[in-house]
Every structure is written in structure tokens, then in C-alpha cells.
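For clarity, every value in this text was computed on a predicted model and none was experimentally measured. Read the numbers this way: they start at 1 and go in the same order the structure lists the ligands and their atoms. Reckoned from all heavy atoms, side chains included, excluding hydrogens, waters and symmetry mates.
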Amino acid sequence: MARPLRQLSPSSIRTYERCPYMYHLRYNERIRVPSTAAQLLGRAVHTVIEMYYKQKRSGGDVLDCETAFDVLDDALDATLHELDEAGRAEVEDLRELGYDLVEYYLEEVAPHIRPHLIEERFAFRIPGVDVPIVGYVDLVDQEGTVIDHKTSSSPFPAEYLAHDVQLLTYSLGYNALRLGARQRPGQLPLINLLPPVRLDVLVKGEEIAYQRLDFRYEQEHVEQYVDRVNTVAAGIRSADFRPFWQVREPNLDVCNYCDFNDVCTYRLPAAEDPPCEGGAQDQSGTDAE
Ligand code: SF4
């Protein structure tokens with residue numbers, strides 16, 4: 001069953017681009033798959049970071065590490081019911097890593113950021129697409145940079161932000177928030193007014209590493225974005241939910257890392273050699289709808 005398209009989000013756009021059938025299972029069939037322990041850890045770290053910036057913006061005492069560990073524990077414990085016994089055991093193995101990630105972030109990254117907006121909902125329109133694009137901007141600093149943070153098992157490619165839909169959507173979303181009624185629906189911003197973006201990545205490993213990517217968009221990035229979102233919207237409208245390998249060159253990694261690979265009848269057979277660590281990020285962060 002195809003449901004009417006009422007809105008798009010960075011998640012739904014990315015899902016359709018990865019595999020239209022994945023979009024169908026998630027947004028039409030609404031199949032729920034259990035979260036992984038790593039995903040729950042990423043969400044719990046995100047909860048701590050959000051609370052830290054809210055306190056910092058309000059001018060009160062910011063979270064110290066011990067309190068932050070308690071917040072992490074509470075956030076993790078509140079989601080344990082989503083896991084089976086093996087998953088819960090895995091969370092216990094990951095809890096120490098969570099403390100390390102939080103401590104690293106609060107000591108090395110957060111003190112240098114002055115928050116302006118936190119978890120702000122946006123909605124805007126682009127030419128050719130008759131539904132709004134919606135989401136939440138994680139964080140905007142007082143210099144007007146849109147910031148996202150993720151945890152990952154490997155560093156991101158240096159050119160990641162040039163192709164990423166999520167942060168460009170956040171940048172357009174924050175721009176729409178700034179302009180309010182002064183921006184006509186469907187009107188694209190002047191490129192030199194589009195807020196810059198930044199991605200902070202905590203790379204998990206024996207030692208935690210920090211990767212920072214900064215990017216400013218050019219006209220071509222916005223034009224490509226408009227084309228991509230129009231293609232996604234047209235595919236959903238025409239109920240084209242073929243698995244990705246029927247519409248482009250197959251890549252076994254896509255099925256290996258798909259949340260639905262246990263239930264999908266179109267799944268490609270697993271690769272004989274599992275992909276290397278750098279092949280795809282086990283990443284966690286906000287991906288608000
Ligand atoms: S398992 Fe493969 S074909 Fe099936 S939804 Fe996921 S990515 Fe698409």
C-alpha cells in the first residue's frame with residue numbers, strides 16, 4: 001500500500017535514495033525494526049549534548065561529567081525495553097564507551113560552541129515539490145553556523161558534506177526560520193545568505209578521535225539538491241518502489257547495512273567478504289522527522 005505523500009524529511013529523502021523499497025517498508029508498510037545497541041548509545045549521547053547546550057544557553061551551570069553520565073544512563077535505561085537480551089548485554093558493554101564519548105565531547109568540543117538555537121523545528125518548500133520539507137535543526141551557534149554531531153565507527157570522507165542531504169536541508173531550514181514570512185514558499189535563498197554548516201564526528205575506537213568537517217554551499221549544490229528532491233518526490237508519487245538494484249548498479253553494502261534486511265524479500269545475497277570498517281559508517285546521530 002502506498003500512502004499519500006504529505007511531507008518529506010532528510011530521513012525520508014535519504015531512505016528513498018538509498019533504496020526505494022526500503023522507503024516502502026519504512027513509510028508505507030511502517031515496519032518497525034528493533035534498534036541496535038549502537039543506535040541507542042548514539043541517541044543517548046545526543047540527549048546529553050542537547051541538555052548541555054540548553055543549560056549553557058540559559059546561562060545556568062552547564063552539565064559536569066558526573067551529572068552527564070547520569071543523564072546518559074537514564075537515557076539508555078529508558079530505551080532498553082527496545083532490545084532483546086543479547087542487545088541489552090551489548091548495551092552494558094557499550095556503556096563505558098558512552099561515558100568516554102560524553103566526557104570527550106564535553107571537555108574538547110562543547111566549550112568552544114556558543115549555542116543559539118537547539119532542536120528547532122523547520123518547514124520550507126522548494127520549486128517543483130508540492131509538499132513541505134520538514135525536520136529539526138540540531139544546533140545553530142551564535143555565529144549562525146548549523147552544526148550536527150554524530151558518533152561513528154570510522155571517519156567520514158572529507159567530501160561528505162558536498163553530497164549530504166541532511167545538513168543542506170538543515171541549512172535551508174534554518175534560513176527559512178530566519179527569514180520567516182519574508183521568504184515566499186518555494187523561493188530559494190540567495191546563495192551567499194545560506195548558513196554555513198559543520199559536522200562534528202566522534203570516532204569510536206581504542207582512543208576516541210574527533211573529526212570536524214566545515215562546508216559552505218555553492219549554487220550548484222542547491223540546484224543538485226532541488227533536482228534530487230524532485231526525483232524522490234516524483235518516484236514516491238508514482239509509487240516506484242523498486243529495490244535499488246533494479247534502478248542502478250548494485251552495491252552489496254546497501255543491503256548489508258539495511259535495517260530491513262531480515263524481512264526484505266529483495267535482499268541481495270551477503271557479500272562473501274564483509275565490508276571493511278571504512279566502507280560504511282556505523283553512525284548515530286539525530287535524524288529528526
Ligand atoms: S534489503 Fe536491500 S533491497 Fe531490501 S529494502 Fe534493504 S536495501 Fe532494499
Side-chain angles (χ1 to χ4, degrees), residues 1-43 79 82-84 86-87 90 129 131 133-135 148 150-157 159-169 224-225 227-289:
M1 175 185 71
R3 295 176 192 268
L5 181 64
R6 301 194 194 287
Q7 61 182 35
L8 288 164
S9 68
S11 279
S12 64
I13 297 165
R14 259 195 331 200
T15 302
Y16 190 90
E17 285 191 329
R18 283 180 69 196
C19 176
Y21 195 67
M22 195 191 302
Y23 176 96
H24 176 68
L25 295 176
R26 182 167 174 185
Y27 293 95
N28 291 330
E29 298 296 329
R30 297 196 177 157
I31 293 176
R32 295 288 163 224
V33 289
S35 302
T36 65
Q39 286 168 338
L40 295 189
L41 179 73
R43 273 191 249 155
T79 55
E82 296 181 32
L83 299 173
D84 58 17
E90 203 182 330
V129 177
V131 294
I133 299 168
V134 302
D148 191 20
K150 293 187 186 297
T151 57
S152 172
S153 56
S154 57
F156 280 57
E159 71 283 3
Y160 177 80
L161 290 178
H163 310 288
D164 173 53
V165 160
Q166 186 181 28
L167 266 160
L168 179 46
T169 304
Q224 285 163 6
Y225 176 87
D227 286 347
R228 284 169 69 177
V229 178
N230 269 275
T231 301
V232 167
I236 296 170
R237 286 251 185 257
S238 62
D240 182 357
F241 300 119
R242 287 173 290 170
F244 74 96
W245 47 263
Q246 287 187 10
V247 290
R248 66 169 193 268
E249 193 67 31
N251 173 351
L252 296 181
D253 281 1
V254 179
C255 288
N256 283 346
Y257 285 91
C258 173
D259 288 342
F260 300 99
N261 58 24
D262 280 344
V263 296
C264 175
T265 49
Y266 294 114
R267 177 186 178 167
L268 292 178
E272 280 181 18
D273 297 313
C276 64
E277 270 281 285
Q281 279 92 16
D282 158 31
Q283 57 179 263
S284 305
T286 48
D287 208 0
E289 309 258 331

Quiz item: Does a side chain donor of either Y225 or T169 reach within less than 3.5 Å of an acceptor in the other side chain?
Solution: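 A pair is found: one side chain offers a donor N or O, the other an acceptor, under 3.5 Å apart.
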
Quiz prompt | D84 side chain reached by P34 side chain, heavy atoms, under 4.5 Å | solution =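 They are not in contact (no side-chain heavy atoms under 4.5 Å apart), so the answer is no.
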
Quiz item: Between F260 and Y21, is any pair of side-chain heavy atoms under 4.5 Å apart?
Solution: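 With C-beta onward as the side chain, the pair stays apart.
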
Please report, to 0.1 Å, the donor-acceptor pairs under 3.5 Å made by any side chain of residues 233-241, with sequence neighbours excluded.
residue, atom, partner, partner atom, Å
R237, NH2, D130, OD1, 2.6
R237, NH2, D130, OD2, 3.3
S238, OG, A234, O, 3.0
S238, OG, G235, O, 3.2
D240, OD1, R242, N, 3.4
D240, OD1, R242, NE, 2.9
D240, OD2, R242, NH2, 2.9

Practice problem: State, to 0.1 Å, how close R18 and Y257 come at their nearest heavy-atom pair, and which atoms those are. | Solution: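 Nearest heavy atoms, R18 then Y257: NH2-O, 3.6 Å.
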
Quiz item: Between V33 and D259, which heavy-atom pair has the shortest distance, and what is it?
Solution: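 For V33 versus D259, the nearest heavy atoms are CG1-O, 3.3 Å.
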
Quiz prompt | Protein N/O/S atoms closer than 2.8 Å to atom 6 (Fe) of ligand 1 | solution =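 The answer is C258 SG.
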
